[in-house]
Amino acid sequence: MANQTASLPGLEPAPEEPAATVPVLVPVAVETAYSYRVPAGMHLGPGTVVQIPLGNRQVVGAVWEPGIWEGGGAKPVDPSKLREILHVFDVPSIDERMRRFIDWVARWTMAPPGMVLRMVLRVPEALEPEPPLKGVRLAGAPPERMTKARARVLDLFEENPSWSKTGLATAAGVSPGVVDGLIGAGTLQIVPLPAAPPAPMPEADWNRRDLSPAQDKAAEEITATVAERRFSVTLLDGVTGAGKTEVYFEAVAEALRRGRQALVLLPEIALTSEFLQRFEERFGCRPGEWHSDVPPKQRVRLWRGVIDGSVRVVVGARSALFLPFPELGLIVVDEEHDPAYKQDDRVAYHARDMAVVRGHIAGFPVILSSATPSIETRHNADTGRYRRIELPDRASGAALPDIHAIDMRRGGPARGRWLAPALTRAVGEALARGDQALLFLNRRGYAPLTLCRSCGHRFECPDCSAWLVEHRFRSVLTCHHCGFSMPTPEACPSCGDVDSLTACGPGVERIAEEAAADFPDARIIVLSSDMPGGTRRLRAELKAIAGGEGDIIIGTQLVAKGHNFPKLKVVGVVDADLGLSTADPRAAERTFQLISQVTGRAGRRDGAGVGYLQTYMPDHPVMRALVSGDRESFYATELEARERSAMPPFARLASLLVTGPDRPLTEGFARELARAAPHQDGVHVLGPADPPLAVIRGRHRQRLLVHADRSADIQAYLHRWLAAGPVPKKGVRLAIDIEPLSFM
DNA sequence: AGTTTGGGCGGT
DNA sequence: CCGCCCAAACTT
């Protein structure tokens, strides 16, 4: 503007105005927004996505509201340090709701705001205009030198006047070089191809399913929350097979009818192709897909589709929560109890809770779905903060499996074996009927502990307080906390004895060994996350099992997730007590959830299956609830137990994550924090959680248990500590890991 | 997060 | 006395 005025003839140059600056959130770990000069003529409102210089590199940031991230005693920036915004990207701005959401998440997780923004702008290629697709078409005379390959290529132009280069080469069965040769000869010409057609639209009424009366009633209620178009949280609660998915699909349909976008969050989406198929059957096309396995080009297309509104429904892993939907009208969090919703590194957030926050800020309903709701969600439902819709029965009419406890004190296996006779018998009977059996043990590898028979030496991780787990297939000992790994030695490193090392306890590999010995003719499939071949192989195996392949499936917790195994009739939980003995305050809850999910895989379609729990504690409330099938008794007992425990306001229980570059520093700071101000302003620091102390990405971490009347108090306490108290030693960072009752 | 800076120490 | 390595500081 100043320039325009100055350039007009006959006018005095306008007095030099101080150059305008704007705050910009930069994608680095700093506490405040940085100021940048706005070039003359550039129009910038809050939310504009810009490219800016930072040090000697160029980064992507977003213009932000002034004042939010200035901090208390912010001193003005030295004007000589101010640099100019380089470029405005041609994408819609981050809208005001999204900016408030980013601010909120940053405050809550104690993460630098720019790092939260980074999760939103994590596809930098999506900001650049899409390069036009290049195709080829006939442009000139046939080449002087004609070959068979060239002829095949040219013939294809009778079908279609323009082709993509690779598509043409593939269709003709020639190498791309042949096409290049024809371009060089002037026979073919490169032309821009029309842009790819926009993503197909899911149709709300493509294929309405017949719902059971219970589902129908639930769907009606849940659809009404979408129609209200304001914030609410609904827990959709029903046993495995009750048909929760069909019910929340109706909510998605309602969002579509009302012209709004919808997001469905799933844990570990990479393994749930079955879900995508069900979606397609209901809505006529696949939804947008967002998770770490989506290839870069597809990511770009989805991100753009989301922000320009052409993608209406996204199904994704937790990170999909940070996609910039302009018209979001519903979030469904499926399997809301699943710990995979928690991100532990970088910005530590819980996607289920942040979904509730996003709904609150933007004013739309959130649906939490689970057969085994988390205690905090159940509490919120019981106290009326969340609505609760219960689906009582299995929609298909199939019964839940009968669960039996095998008392290992009396009916346990012989020495050196891990499967009780009763379980082995049940597996044998299943195989004889042509059914599948699943042996579940949530422990990867061969044996969780290796020790020396001669001197008693135990193999421990050098960095964590954890035992090294033997993986016999790979011949290594590895730490499941930090990934440390060493070849299994021949001799004991302590006393030097050879062949004295003994494996103690079972992992899935060892169970597979025993099953193979008992059932030499059975086809045995072992599934664990460290399986060679990665998620692609895993997905294929799961699909094959669902299709009836394999007789005995031996797996870790990933078999608990999402797949229907119609032929599966017997589930054996090899160590039902595993996890109950840890110091984790959520041990009982996690065990109940995991075992319910695993046994729920049995007998889902025609006829009930059977589940066997190998336990030394058949009278434990968790085992009793699982055996009786009385979920309510579990929730009642657990809620009451937490009320009575040393940490009465149970769900305001939080753990702080203290991370630092080395173990003494991290542990020391956690202890110091617990000692210096253990009870302050309603916050009770209970002390460092028990080991193991883990090392993740080279940083040691220690959990510190805390409780308070209101989760916001914990926030306030920590922020006060960080601002005024004994500030963390260099290199120590705090993060909050909280599953609270409420935020607002 | 990624890059630059600077201090401590080992070799000469 | 110089170089190398790691940790700390800085980026507007």
Side-chain angles (χ1 to χ4, degrees), chain A residues 17-40 42 44-89 94 99 102-103 105-106 109-127 292 296 319 322 343-349 463 657-669 695-701 722-723 726-735:
Chain A
E17 282 183 42
T21 67
V22 286
V24 176
L25 241 43
V26 292
V28 300
V30 292
E31 293 308 310
T32 66
Y34 279 0
S35 301
Y36 281 85
R37 229 168 330 125
V38 182
M42 191 181 270
L44 296 170
T48 310
V49 182
V50 292
Q51 186 163 51
I52 60 243
L54 186 69
N56 59 0
R57 62 213 169 103
Q58 295 184 5
V59 296
V60 175
V63 178
W64 225 245
E65 278 81 359
I68 295 183
W69 293 105
E70 246 77 348
K75 43 192 176 295
V77 203
D78 178 357
S80 67
K81 286 200 333 196
L82 285 175
R83 297 171 78 181
E84 201 158 74
I85 287 172
L86 296 171
H87 175 65
V88 174
F89 289 102
I94 306 296
R99 295 199 300 277
I102 291 167
D103 290 337
V105 172
T109 60
M110 310 200 312
M115 299 306 283
V116 180
L117 175 70
R118 222 173 110 95
M119 301 198 290
V120 177
L121 302 175
R122 60 151 53 183
V123 198
E125 312 83 60
L127 304 172
S292 54
S319 58
F322 291 94
Q343 171 153 304
D344 255 1
D345 57 346
R346 300 153 186 229
V347 180
Y349 68 96
D463 296 321
L657 233 46
V658 183
T659 66
D662 66 50
R663 183 170 174 169
L665 191 64
T666 308
E667 279 180 336
F669 185 74
V695 183
I696 294 176
R697 287 168 180 266
R699 290 180 71 82
H700 296 246
R701 54 171 57 208
L722 292 177
V727 176
K729 291 182 186 134
K730 311 276 156 140
V732 176
R733 296 262 304 269
L734 286 175

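Proteins get letters first, then strands, A, B, ... in listed order; numbering begins at 1 in each. Atoms considered below: every heavy atom in the structure, side chains included; atoms not considered: hydrogens, waters and symmetry mates.
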Calculate the interatomic distance between [X] atom [atom1] and [N] atom [atom2]; express it in whole Å.
| X | N | atom1 | atom2 | answer |
| --- | --- | --- | --- | --- |
| A:Arg83 | C:dC10 | CZ | P | 17 Å |
| A:Met115 | B:dA1 | CE | C1' | 6 Å |
| A:Asp78 | C:dC10 | CG | P | 14 Å |
| A:Gln58 | B:dG2 | CD | P | 16 Å |
| A:Tyr34 | C:dC10 | OH | C1' | 7 Å |
| A:Trp69 | C:dT11 | CH2 | C1' | 18 Å |
| A:Glu31 | C:dT11 | CD | P | 15 Å |
| A:Leu54 | C:dT11 | CG | C1' | 5 Å |

Ignoring hydrogens and angles, are the base of B:dA1 and the side chain of A:Arg57 linked by a donor-acceptor pair under 3.5 Å?
yes
B:dA1, C:dT12, C:dT11: which one has an atom nearest the side-chain heavy atoms of A:Tyr36?
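For the A:Tyr36 side chain, the nearest candidate turns out to be C:dT12.
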For A:Phe322, check ring pair (Phe, Tyr, Trp, His ring centres under 6.0 Å) against everything at least two apart and list the hits.
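Residues passing ring pair (Phe, Tyr, Trp, His ring centres under 6.0 Å) with A:Phe322: A:Phe101, A:Tyr349.
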With a 4.0 Å cutoff (strictly under), does any side-chain N or O of A:Asn56 reach OP1 or OP2 of B:dT4?
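The answer is yes; a side-chain N or O of A:Asn56 sits under 4.0 Å from OP1 or OP2.
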Rounded to the nearest 0.5 Å, what separates atom CZ in A:Arg37 from atom NZ in A:Lys81?
14.0 Å
Looking for any heavy atom pair under 4.0 Å, which part of the strands does A:Val30 touch: base, sugar-phosphate only, or nothing?
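Counting heavy atoms under 4.0 Å across all strands, the contact made by A:Val30 includes a base.
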Taking side-chain contact (heavy atoms from CB on, under 4.5 Å) as the definition, give me every residue that meets it alongside A:Pro66, ordered by chain and number, with sequence neighbours left out.
A:Pro23
Any side-chain heavy-atom pair from [X] and [Y] closer than 4.5 angstrom?
| X | Y | answer |
| --- | --- | --- |
| A:Thr21 | A:Leu82 | yes |
| A:Ile85 | A:Val22 | yes |
| A:Ile94 | A:Leu121 | yes |
| A:Tyr36 | A:Pro53 | yes |

Given a 3.5 Å cut-off on both pairing distances, which stems involving DNA chain B, each at least three consecutive Watson-Crick or G-U pairs, are present, if any?
B:1-11 with C:1-11
